[in-house]
Amino acid sequence: MTQSGYNNLTELLLNVIRPRPGMYLGTNHISKLPNLILGYEFSDRISKQTPDFYFGGNGFLTWYVDTYKPPQMSYWHDYFLSETADDEVKALDLYFIRLDEYYDWYKTNHLK
C-alpha cells in the first residue's frame, strides 16, 4: 500500500469509500458511485502508463457479469439495484460485497 492507504481503485473503494460512503458520494446510494468511478478512470488514464486493473478484460464488471450472469441492463449499477428491489443503500452494500469477492479472485489469479 502507498502512504495514502491504497494502490488502486479497488483498494480505495474497499478501504476508504466503503466505511463512509456518504462522505464521498453525498448519500449512501449506489447511483452516486458511477460518477466517482468515472472521475477516477479519467484521472487514472491521464496520470498512469498502465490502466488500473478494476477496468478492462480482467476488471470488476467483466468478472461480475461472467460470475453472476445478470440480465443485460443499460447501466452497471442497475445490476445491483435489481438484486435489492431498487434499494439504493442495500445495492451499495451488495456492490462492496461483490467487489470484495472480485478482489480476492483477482489477487489469487493475477497478483503473484
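Index from 1, following the sequence. It should be emphasised that the depicted structure is a prediction, and the values quoted were computed from it without experimental measurement. Reckoned from all heavy atoms, side chains included, excluding hydrogens, waters and symmetry mates.
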(Q) Taking transitive links into account, so neighbours of neighbours count too, which hydrophobic residues share a cluster with I46 at under 4.5 Å side-chain distance? (A) none
**Q.** For H29 against V89, the heavy-atom pair lying closest together
**A.** CD2-CG2, 4.1 Å
Q) Does F80 reach the side chain of L92, with side-chain heavy atoms less than 4.5 Å apart? A) no
Q. Residues two or more places apart in sequence or in another chain: which of them pass side-chain hydrogen bond (donor to acceptor under 3.5 Å, both in side chains) with D86?
A. none
Which atom pairs, donor and acceptor, lie under 3.5 Å between side-chain atoms of residues 51-59 and protein residues at least two apart or in another chain?
unit_1	atom_1	unit_2	atom_2	d
D52	OD1	Y54	N	2.9
D52	OD2	L9	N	2.7
D52	OD2	Y40	OH	3.0
Y54	OH	Y95	OH	2.6

Q.
How long is the straight-line distance from CD1 of I17 back to CG of L99, given to the nearest 0.5 Å?
A. 11.5 Å
Q: Determine whether I30 and L94 make a side-chain contact, defined as any pair of heavy atoms from C-beta on separated by less than 4.5 Å.
A: no
Q | Distance-only side-chain donor-acceptor flag, E11 / Y103, under 3.5 Å | A | yes
Q.
So, taking the atom named OG1 in T10 and the one named OH in Y102, what distance separates them when rounded to the nearest 0.5 Å?
A. 5.0 Å
Q: Would you name the heavy atoms of S31 and H77 that are closest together and state the gap between them?
A: CA-CD2, 3.9 Å
Q: Mind checking the CG-CG spacing from L61 to D66? Nearest 0.5 Å is all I need.
A: 11.0 Å
Q: With Y64 as reference, evaluate Y79, W105, W76, Y106 under the ring-ring contact (aromatic ring centres under 6.0 Å, His included) test and give the passing residue.
A: Y79
Q: Flag the pair I97 / D100 as yes when at least one side-chain heavy-atom distance between them is below 4.5 Å, and no otherwise.
A: no
(Q) Is the positively charged end of R98 above the ring of Y68, judged by distance under 6.0 angstrom from the centroid and angle within 45° of the axis? (A) yes
Q: Quick one: closest heavy-atom pair of R18 and L14, and the distance?
A: CB-O, 3.4 Å
